[in-house]
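The structure under discussion appears below in the form of structure tokens.
Order of the sequence lines sets the chain letters (A, B, ...), proteins ahead of strands, with each chain counted from 1.
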Amino acid sequence: MPISIASWNINSIRLRQNSVRKFLKTANPDILCLQETKCIDELLPLSVFEKLGYQYAASRGQKSYNGVLTLSKREIKKTSFLDMCGKGDARHVCIELMDGLKIHNFYIPAGGDIPDTKLNEKFNHKINFIEELKEKIFSHQQKKTVILGDFNIAPLPDDVWSHKALLNVVSHTEQETTLLRELMEKGKWVDVFRKHFPSGKLYSWWSYRARDWKISNRGRRLDHIWASPDLAKKSKECKIYSNIRGWDRPSDHVPILSVF
DNA sequence: ATGGTAGGTCTCCTA
């Protein structure tokens, strides 16, 4: 039985609960992983999603900042959390389904403006976060596992509107893209979007600061779905819902979806 | 090279 899994940085779940409903109705994924919910667990509008068939949820909420939430139509056997860098940030939640499939929902730090670990503590945090994933969490190859979310890194030249213009911009520096590639290679993770679309521009985020996001089209692919090799073989389809960036009061990220 | 917008709020911090 196929399973469809989506990821979306929603930038406030309470402000955009109607957008989430609309997306769930049209795309109908089995699982939706949200990032930047900016909401404590007690205030999540979960009943709204229950009515649409998402009876199971796993959340790590936080007031004002971060926050991850995974909605599921399928029963969740186990939920776990990682406290990356020991900061207590709500940036990860993992669910395990009845068949043993594990889905890690991550919100990797954005990293601030200056791409220098000595001058910018936020960039240092981002680098340490990914180092920790590489050295401790995913240091060995895994099976039946999906890692997804807002990674805040556009790894390939075709993941940004201008490779040259963004080489010194946080999200596309060589330090970040090299580290992400090392993490990927260490666990033999497969970027399922690039499996289906090996070349050509792909974006999942467009800045709020453009006069017209569609006309300027200065996007970046910051959101990713990675699968362990056994699962990646069964990857059937990948979609980016770019049109959602044009909805009323949109998030700056759009949903991405994979079918296995 | 610069400055542009959005969300939640500890009216500033984060993205």
Of A/Y65 and A/R218, whose nearest nucleotide on DNA chain B comes first from the 5' end?
-> A/R218

Residue closer to the 5' end of DNA chain B, A/Y208 versus A/P109 (nearest nucleotide) | A/Y208

Check the angle between the aromatic planes of A/H163 and A/H172 and answer parallel, tilted or perpendicular using the 30° and 60° thresholds.
-> perpendicular

Rounded to whole Å, please give me the gap between [atom1] in [X] and [atom2] in [N].
X	N	atom1	atom2	result
A/N11	B/dT14	CG	P	15 Å
A/E36	B/dC13	CD	C1'	12 Å
A/K63	B/dT14	NZ	P	16 Å
A/N168	B/dA1	CG	P	11 Å
A/N66	B/dA15	CG	C1'	10 Å
A/R211	B/dT2	CZ	C1'	12 Å
A/Q62	B/dC10	CD	P	13 Å
A/R209	B/dG7	CZ	P	13 Å

[N] to [M] separation - [atom1] atoms, rounded to the nearest Å:
N	M	atom1	result
B/dT11	B/dA6	C1'	16 Å
B/dT9	B/dT14	C1'	11 Å
B/dA1	B/dC12	C1'	26 Å
B/dC13	B/dT2	P	23 Å

For [N], take OP1 and OP2 only and decide whether either is under 4.0 Å from a side-chain N or O of [X].
X	N	value
A/R14	B/dT9	yes
A/R16	B/dA6	no
A/K122	B/dT14	yes

Say you draw a straight line from CG of A/L32 to CG of A/L52; how long is it, rounded to the nearest 0.5 Å?
-> 11.0 Å

May I ask you to say what A/R220 touches in the nucleic acid, namely base, sugar-phosphate or nothing, with a heavy-atom cut-off under 4.0 Å?
-> nothing

Hey, does A/R249 reach any base, or is it just sugar-phosphate, or nothing, if we go heavy atoms under 4.0 Å?
-> sugar-phosphate

Identify whether the distance between the nearest side-chain nitrogen and carboxylate oxygen of A/D230 and A/K143 falls below 4.0 Å.
-> no

Would the number of heavy atoms belonging to other residues, nucleotides or ligands and lying under 6.0 Å from NZ of A/K214 be above 12?
-> no

Partner of A/P109 by side chain to side chain contact (heavy atoms under 4.5 Å, CB included), out of A/H125, A/K87, A/K122 | A/H125

